[in-house]
Amino acid sequence: MSIVNIYFHDENIYNVEKKPPEKPPKPPLYHSRFERQVRQETKSCKDTHRTMGYSKIPLHSPGEFLKKNCGPRYRATKSAPVRLCTAHKPPVPKPNDPHTMGAPTSQVMKLVDFKKENIKKVVTASPKKPRPRYADTRKGDFHDLEKSGLTPIYSCKPKFGKIPQYLLHRKKDLAMQKEQLIEEGSQQKPRCSYISQEERVELLRGLKKNWEKLQQEYQSLPLLTDTVPKMIRKAKLENNLKQLEKDILTIENNPYIYIYDEEPKET
């Protein structure tokens, strides 16, 4: 006896491939309640005569094409006559006129070279400064800045053109300081003093003794200066000796010597 296995299943080939998920529907577009009003305003503001001419002028019929006196007529505006010369010009001089005979060449050259003079004036003239102005709209409408009230006008102040008070006080303080310095200078003792001959001789003796001591130290230096301290000491002794020699020469050559006491510097 044979056993038959029978399997029952619902099989469909249309369900083998997976379908993509359905996209949700888009929400409706937003429309403002002022949309129609805005469109009407923009249409009314546009130039209707930019390319097709003025709308008020009616179009010509085909029979009036290229006919004489068919176009629009514009009335001419009356304007005042332009008068270049307010007075009458002088008459043309006669050939025998004594005023024109023998005219100097310099005046004639001035009349001829007026073009060159004008060119020189234009080249050497300073450029005009632009007037300050401001723009208050996006289209670039300019207005005068001085008359607008945005900038301060200092000439309208009551203190304009007057010396400020702090400068007057400073001038008074400086004048007082000068007077005090003059009074102190008159009361102080003279800073210059004279050296007598005895003091001069003692000075010379002391300088010569110092020079002899430094000369002995200089001669006692080693012959080889192979280290830095030796070089520094030698250079120092040489500078001191030179300075002493200069002082001795100045005192010997000048019999009258005066000493001037300097003021101590303020720190």
Side-chain angles (χ1 to χ4, degrees), residues 116-117 119-134 145-146 148-267:
K116 293 182 180 179
E117 290 179 0
I119 290 167
K120 286 181 182 179
K121 286 180 182 178
V122 172
V123 171
T124 56
S126 59
K128 292 183 180 179
K129 293 183 180 180
R131 295 182 66 185
R133 54 185 185 171
Y134 70 97
L145 186 62
E146 293 178 356
S148 63
L150 299 173
T151 55
I153 301 170
Y154 298 103
S155 61
C156 297
K157 289 187 176 182
K159 295 182 180 180
F160 181 75
K162 295 181 181 179
I163 300 170
Q165 292 293 328
Y166 72 94
L167 288 176
L168 297 173
H169 292 307
R170 190 173 292 177
K171 285 181 180 179
K172 288 180 181 179
D173 294 338
L174 290 171
M176 292 288 289
Q177 288 177 6
K178 285 182 180 179
E179 290 177 0
Q180 289 177 1
L181 288 171
I182 291 165
E183 290 177 359
E184 290 176 359
S186 61
Q187 293 174 2
Q188 285 180 358
K189 295 179 181 180
R191 297 174 190 169
C192 188
S193 60
Y194 172 69
I195 294 175
S196 63
Q197 292 294 329
E198 296 176 356
E199 292 175 353
R200 179 170 166 276
V201 172
E202 288 179 1
L203 258 175
L204 275 170
R205 286 175 185 173
L207 290 171
K208 286 179 180 179
K209 283 181 181 179
N210 291 333
W211 184 84
E212 288 175 359
K213 287 179 183 179
L214 289 174
Q215 186 70 16
Q216 288 178 1
E217 288 181 8
Y218 185 75
Q219 289 176 356
S220 63
L221 288 172
L223 296 173
L224 293 173
T225 55
D226 52 352
T227 59
V228 176
K230 289 180 181 179
M231 295 167 67
I232 293 168
R233 188 184 176 192
K234 185 179 178 181
K236 190 177 180 181
L237 287 170
E238 287 176 352
N239 292 328
N240 291 333
L241 283 168
K242 288 179 182 178
Q243 187 65 36
L244 283 170
E245 287 173 359
K246 286 181 181 178
D247 295 340
I248 290 165
L249 285 170
T250 52
I251 292 170
E252 285 180 348
N253 294 328
N254 300 311
Y256 302 103
I257 298 170
Y258 293 91
I259 297 171
Y260 185 78
D261 297 332
E262 293 183 356
E263 288 184 354
K265 293 183 179 180
E266 295 181 359
T267 57

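From a predicted model like this one, the values you see are computed outputs, not experimental measurements. Residue numbers start at 1 and run along the sequence shown.
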The reported gap from CD in Glu217 to CG in Leu241 (rounded to nearest 0.5 angstrom) is 9.0 Å
Here the side chain to side chain donor-acceptor pair (under 3.5 Å) pairs for residues 120-129, sequence neighbours left out, are none
Those residues at least two apart in sequence (or on a different chain) that pass side chain to side chain contact (heavy atoms under 4.5 Å, CB included) with Pro164 are Tyr166, Leu167
Output for pair (Asn254 CG, Leu249 CG), nearest 0.5 Å, gives 10.5 Å
Run the side chain to side chain contact (heavy atoms under 4.5 Å, CB included) test on Leu237 and Lys234 for me, step by step, so that the C-alpha distance in whole Å, both residues' side-chain angles and the decisive distance to 0.1 Å come before the verdict.
CA-CA 5 Å; Leu237 287 170; Lys234 185 179 178 181; 5.9 Å; no
In terms of heavy-atom contacts, Leu204 and Ile248 come closest through CD2-O, 4.0 Å
Residues 192-203 vs salt bridge (Lys or Arg N to Asp or Glu O under 4.0 Å), sequence neighbours excluded, gives none
CD1 of Ile251 to CG of Leu203, rounded to nearest 0.5 Å, is 5.0 Å
NZ/Lys230: more than 12 non-hydrogen atoms of other groups inside 6.0 Å:
yes
Applying salt bridge (Lys or Arg N to Asp or Glu O under 4.0 Å) to Arg205 and not counting sequence neighbours gives none
(message) Counting only heavy atoms from other residues, nucleotides and ligands, does the tally under 6.0 Å from CG of Leu150 exceed 12?
(response) yes
For residues 236-247, the side chain to side chain donor-acceptor pair (under 3.5 Å) pairs (sequence neighbours left out) are Trp211-Glu245, Tyr218-Glu238
When rounded to the nearest 0.5 Å, the distance separating NZ of Lys213 from CG of Asn210 is 6.0 Å
Across all chains, not counting sequence neighbours, the salt bridge (Lys or Arg N to Asp or Glu O under 4.0 Å) partners of Glu146 are none
**Study point:** Note: Glu252-Lys208 ion pair, threshold 4.0 Å (strictly below)
**Key:** yes
